[in-house]
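Below: one structure, written as structure tokens.
Positions are given from 1, in the same order as the sequence printed here.
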Amino acid sequence: MALYETEEKQERALLVCLDTGEYDAESSLAELSELVKSAGADPAFTLVQKRPAPDTATCVGSGMAQEVAELCRKEELDLVIFDRELSPTQIRNLEKLCGIRVIDRTMLILDIFALRAQSREGKLQVELAQLKYLLPRLTGQGTALSRLGAGIGTRGPGETKLETDRRHIRRRINSLREQLKGVEAARSEINRRRKKDGTITVALVGYTNAGKSTLMNQLTQAGVLAEDKLFATLDPTARALKLPCGKTVMLIDTVGLLRRLPHHLVEAFKSTLEQAATADIILNVCDASSEEAGEHLAVTNELLQELGSADRPVIPVLNKWDAVEDRTLAVRVQGAVRISALTGEGVEELLKAVEENLPQKTFEVELLLPFAKSGLAARLREEGAVLSEEYVEEGLRITARVDERLYAPVQEFDQREKSGVL
């Protein structure tokens, strides 16, 4: 008997946007389409309706709601996705009318996060956000919450009868918060040790799919998943990066940001985002080939301001510069570094910009270390940048670039200081 592999059928979705003038509907719909692709579905059709305000029963007007239902039946679509947050009543009415699943923008993003989370902390944060989103939506959804199955909007903590019980969900939320407190305490201890050891942290922040993971791989060979998808990576990654001056810093890749990122996720991932906001240097990475590059930079800067990082140096990084067709029309930002994380173009300039913003500046020293102090030479090679070294009768003559912390234990052997040069 022959066995045949069957591919899982890709869900086909209808995207619906209600344009009330609050935001750029066209850009938001294009972003929703990318989110749907990242979730593994096909954004087969889109509909846009202009209204001064959402309809309380079906979000869109009754005529548009009928048009949505007819298109779903005619094209045999699998689900409808609205580019805004829907109420439980609106979801129930639309599902009854269309006969298929209806989800909103928030539910879609939560679903993608559930799909991407790998670490224990990431999974806890996603489940907490999903349950907080689900709790106020229990009333009025009837049997819809008892459904089980596959597909967009069904991943994560699940929707069994037991889990939709208010008291059970509240207990689970409290449990998740306690578990996250433990995870956050452990991370705070790691950060405290880094500060005690004088470790400088550089955080990669920015709009999702800007190329942060590709840049992380280019700089550190970290092996982080890098795909042309929104939220391809969710969990933060930290790797050591040695700068040309010899200084080693800790490079941290963080979760991507998004226009109108649901407040449930901002709140759930606040501790992770704060890790980036408290870094010594912040690299605000954006896709320079995007027409909305300037807005993407602004979205990130706004969130960083909210997290209290106004006093830290932020370096705008215009990534994917090789993909910019007309560079005369590209976004212009003061102090920006133009790079291609994929090809390596501009990476040297980026590292120089990081060096210029180091809280501890490096400087050149000429040392004569006695043979008995060879351990200091090994430390200079590891933590500094050794420019030259030569064994002489008195010991090891070495020229190196160091910072104040590394200079302290070797200061007595500085030949320029003894000769009155410094």
Side-chain angles (χ1 to χ4, degrees), residues 10-51 54 59-60 68 77 79-86 102-116 126 129 133 152-153 155 204-214 226-234 254-266 268-269 273 284-304 318-320 323-324 330-331:
Q10 187 181 36
E11 291 182 291
R12 298 171 70 240
L14 167 62
L15 279 50
V16 182
C17 176
L18 181 67
D19 185 0
T20 59
E22 299 174 61
Y23 48 83
D24 186 339
E26 186 179 340
S27 299
S28 185
L29 193 57
E31 186 175 86
L32 183 69
S33 180
E34 289 301 313
L35 285 168
V36 172
K37 291 175 185 175
S38 294
D42 171 26
F45 297 93
T46 59
L47 289 175
V48 180
Q49 182 183 44
K50 285 191 175 184
R51 279 177 61 95
C59 186
V60 292
V68 168
L77 300 176
L79 77 159
V80 180
I81 304 175
F82 274 71
D83 192 28
R84 61 171 51 238
E85 199 164 290
L86 299 174
V102 176
I103 67 173
D104 60 20
R105 179 186 177 91
T106 300
M107 202 180 302
L108 173 64
I109 296 173
L110 287 169
D111 187 85
I112 294 172
F113 271 53
L115 187 65
R116 300 282 190 266
V126 171
Y133 177 75
I152 295 174
R155 284 184 280 254
L204 294 170
V205 300
Y207 212 76
T208 181
N209 205 30
K212 298 188 303 299
S213 297
T214 304
E227 290 185 298
D228 186 19
K229 291 181 179 179
L230 302 188
F231 302 116
T233 52
L234 182 60
T254 62
V255 60
L257 306 178
L258 192 71
R259 183 193 295 106
R260 292 162 56 215
L261 190 65
H263 70 275
H264 309 278
L265 284 177
V266 173
F269 283 83
L273 294 169
N284 185 354
V285 185
C286 84
D287 178 358
S289 65
S290 169
E291 294 180 358
E292 298 182 307
E295 186 177 344
H296 292 177
L297 286 169
V299 167
T300 309
N301 282 328
E302 185 179 337
L303 183 58
L304 290 172
L318 303 182
N319 189 27
K320 305 185 184 181
V324 177
V331 62

Look up atom [atom1] in [X] and atom [atom2] in [Y], then write down how far apart they are to the nearest 0.5 Å.
| X | Y | atom1 | atom2 | result |
| --- | --- | --- | --- | --- |
| Asp19 | Arg51 | CG | CZ | 12.0 Å |
| His296 | Asn284 | NE2 | CG | 11.5 Å |
| Leu18 | Lys50 | CG | NZ | 11.5 Å |
| Thr106 | Arg84 | OG1 | CZ | 11.0 Å |
| Leu108 | Phe82 | CG | CZ | 13.5 Å |
| Lys37 | Asp42 | NZ | CG | 8.5 Å |

Backbone N/O of Val285 and side chain of Asn319: donor-acceptor pair under 3.5 Å |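 Answer holds: no.
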Is a donor on one side and an acceptor on the other found under 3.5 Å between the side chain of Ser38 and the backbone of Glu34?
->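 The answer is yes, because a donor-acceptor pair under 3.5 Å joins these two groups.
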Locate the shortest heavy-atom distance separating [X] from [Y]; write the atom from each residue and the value.
| X | Y | answer |
| --- | --- | --- |
| Gly211 | Lys320 | N-CE, 4.4 Å |
| Ala44 | Arg12 | CB-NH2, 4.2 Å |
| Asp287 | Ala210 | N-CB, 3.9 Å |
| Val331 | Ala293 | CG1-CB, 3.7 Å |

Quick one: does [X]'s side chain get under 4.5 Å of [Y]'s, heavy atoms only?
| X | Y | answer |
| --- | --- | --- |
| Arg105 | Ser28 | yes |
| Asp104 | Tyr133 | yes |
| Leu297 | Leu318 | yes |

Sort out for me which residue in Leu32, Val60, Asp83 forms a side-chain contact (heavy atoms from CB on, under 4.5 Å) with Cys17.
->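 Considering Leu32, Val60, Asp83, a side-chain contact (heavy atoms from CB on, under 4.5 Å) with Cys17 is found only for Asp83.
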What's the verdict on side chain to side chain donor-acceptor pair (under 3.5 Å) for Thr20 and Glu22, showing C-alpha distance, side-chain angles and the deciding distance?
-> CA-CA 6 Å; Thr20 59; Glu22 299 174 61; 2.7 Å; yes
